[in-house]
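Excluded from the calculations below are hydrogen atoms, water molecules and symmetry mates; all remaining heavy atoms, backbone and side chain alike, are included.
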Amino acid sequence: MESENHTEVSEFILLGFSEDPKLQPLLFRLFLPMYLVTVLGNLLILLAICSDSHLHTPMYFFLSNLSFIDICFSSTTVPNMLVNIQTHSKAITYTGCLTQVCFTLAFAGLENFLLAAMAWDHYAAICHPLRYVHIMSPRRCGLLVLVSLLLSALDTLLHSLMVLQLSFCMHLEIPHFFCELAQVIKLTCSDALINNILVYLVTSVLGGIPLLGIIFSYVQIISSILRMPSAGGKHKAFFTCGSHLSVVLLFYGTAFGVYISSVVTDSSRKTAVALVMYTVIPPMMNPFIYSLRNRDMKEALRKLIERTSFL
């Protein structure tokens, strides 16, 4: 098969969900509201936390960072898909494709680490309430976010440098709506063994360690809750963790869905749908989960809306 060096590659073709022109307007009307809800919902959460001094606590500090990352994560893929639908174009430049790969890896990694940090925050609050202020000091919270950022940046840089060494074949068609790392590697004419090993190794380490941390935190939390003598205390503790646990299940559930669909099926359409569930649905649902189940957040949102209505 004829191949060409990656420096000569001008663009990739994103096949998306369907090549049927009649479905394109429907897809646009479906994903545009979802994107707007994602951005506006997370922006409201972010503004409510920043404007209400009662929410300047470690839990809401992490939540504000999570909302910002969700906006960025969704904005990495969905706007480009909407533009392609409207312009009837499936092309994305080589630079644009690699940029999507980088930002998708970075924001997914950041969300992964932040969910683990939020689990640790709940663990400290419930299992060590007397030492909570010391354990989750502002300095340590900032350090957790900084370490998460550095690890995600290192992961992104490593994969990007490896992809830049690849040469690509002539038919550069990606059967998804954005440039996903595994699909980009599949298009190479080079030996991608090291890249594939790196993907599985880094994903296992940087994805597995935070997940194990979350599992450990909740094992300790549940054990501590069950030892509480008061039924009211148990209910309050479970209610406190409910929103975060829902977000964790949604994020990792859709991530495992993507992995399983790519392993058990050869259908690129089914994998594309699974990727939507992973990249679009969690960022859209997170504001609803935290605002509907949290009295403090609902009160902060009410104050924010009232304040803006008088402007």
When you compare the side chain of Leu82 with that of Phe31, does any pair of heavy atoms fall below 4.5 Å?
yes

Is there a donor-acceptor pair under 3.5 Å between the side chain of Ser167 and the backbone N or O of Ser190?
no

With rounding to the nearest 0.5 angstrom, report the OG to CG distance, Ser51 to Leu304.
5.0 Å

Enter the distance from Ile185:CD1 to Thr188:OG1 here, rounded to the nearest 0.5 Å.
8.5 Å

Could you see if Leu181 belongs to whatever hydrophobic cluster contains Tyr94? Use Ile, Leu, Val, Met, Phe, Trp, Tyr and a side-chain cutoff under 4.5 Å.
yes

Tell me, do Leu14 and Gln183 make a side-chain contact under 4.5 Å, heavy atoms counted?
no

Smallest heavy-atom separation, Tyr35 atom then Ser75 atom, equals OH-OG, 2.8 Å

Determine, stepwise, if the pair Ile174 / Cys97 fulfils side chain to side chain contact (heavy atoms under 4.5 Å, CB included).
CA-CA 10 Å; Ile174 298 175; Cys97 188; 4.1 Å; yes

Within a strict 4.5 Å, meaning less than it, do heavy atoms of the Leu43 and Phe68 side chains meet?
no

Looking at every heavy atom in both Ile71 and Val39, which two are closest together, and how far apart are they?
CD1-O, 3.9 Å

State yes or no: do Leu46 and Val145 share one hydrophobic cluster built from I, L, V, M, F, W and Y residues joined by side-chain heavy-atom distances below 4.5 Å, directly or via other members?
no

Atom OG in Ser160, atom CD in Gln165: separation rounded to 0.5 Å?
11.5 Å

Determine the interplanar angle of the Tyr218 and His122 rings, folded into 0 to 90°, and report it as parallel if under 30°, tilted if 30 to 60°, perpendicular if over 60°.
tilted

Shortest non-hydrogen contact from Val247 to Leu115?
CG1-CD2, 3.7 Å

Any sub-3.5 Å donor-acceptor pair from Asp52's side-chain atoms to Ala48's backbone N or O?
no

Beyond-backbone contact of Thr279 with Thr76, side-chain heavy atoms, under 4.5 angstrom:
no

Which value, rounded to the nearest 0.5 Å, describes the distance between Met118 atom CE and Tyr60 atom OH?
9.5 Å

Measure across Cys127 and Pro129 and return the closest heavy-atom pair with its distance rounded to 0.1 Å.
C-CD, 3.4 Å

Going through the checks in order, is the side chain to side chain contact (heavy atoms under 4.5 Å, CB included) test met by Asn286 and Leu250?
CA-CA 9 Å; Asn286 288 353; Leu250 183 62; 4.3 Å; yes

Taking Gln220's backbone N and O only, do any of them form a donor-acceptor pair with Ser224's side chain (distance below 3.5 Å, no angle check)?
no

Got a second to check how far Met81's CE is from Leu32's CG, nearest 0.5 Å?
9.5 Å

Separation between CG of Asp70 and CZ of Phe107, rounded to the nearest 0.5 Å:
10.5 Å

Are side-chain heavy atoms of His159 and Val199 found at a separation under 4.5 Å?
yes

Please say whether more than 12 non-hydrogen atoms of neighbouring residues, nucleotides or ligands are located less than 6.0 Å from CE in Met162.
yes

Working note: Phe103 + Phe73, criterion ring pair (Phe, Tyr, Trp, His ring centres under 6.0 Å); need CA distance, chi angles, decisive distance, verdict.
CA-CA 7 Å; Phe103 281 113; Phe73 192 21; over 10 Å; no

Step by step, work out the side chain to side chain contact (heavy atoms under 4.5 Å, CB included) result for Gln100 and Val184.
CA-CA 11 Å; Gln100 268 196 346; Val184 172; over 6 Å; no

Hydrophobic cluster membership, with links at side-chain heavy-atom distances under 4.5 Å among I/L/V/M/F/W/Y: are Phe168 and Ile194 in one?
no

Side chain Ser223, main chain Val219, donor-acceptor under 3.5 Å
no

Please answer: with hydrophobic residues joined when any side-chain heavy atoms are less than 4.5 Å apart, are Ile281 and Leu66 in the same cluster?
yes

Are Leu55 and Met297 packed together at the side-chain level, in the sense that at least one heavy-atom pair is separated by less than 4.5 angstrom?
yes

Side-chain (Asn112) to main-chain (Leu206) donor-acceptor, under 3.5 angstrom
yes

Student check: side-chain heavy atoms of Asn84 and Phe177 closer than 4.5 Å
no

Can you confirm whether more than 12 heavy atoms, excluding those of His128, are under 6.0 Å from its NE2 atom?
yes

Would you please classify the geometry between the Trp120 ring and the Tyr123 ring as parallel, tilted or perpendicular, with 30° and 60° separating the classes?
tilted

Looking at every heavy atom in both Lys90 and Leu15, which two are closest together, and how far apart are they?
NZ-O, 3.4 Å

State whether the side chain of Asn42 and the backbone N or O of Pro283 hold a donor-acceptor pair below 3.5 Å, judged by distance alone.
yes

Give a yes or no on whether Ile49 and Phe288 share a hydrophobic cluster (residues Ile, Leu, Val, Met, Phe, Trp, Tyr; joining criterion: side-chain heavy atoms under 4.5 Å apart).
yes

For Ile135 and Ala124 the tightest heavy-atom approach is CG2-CB, 4.0 Å

Between Pro282 and Thr254, is there a side-chain heavy-atom distance shorter than 4.5 Å?
yes

Quick one, Met136 with Leu144, criterion side chain to side chain contact (heavy atoms under 4.5 Å, CB included). Give me CA distance, side-chain angles, the key distance, then yes/no.
CA-CA 10 Å; Met136 301 305 295; Leu144 280 173; 4.3 Å; yes

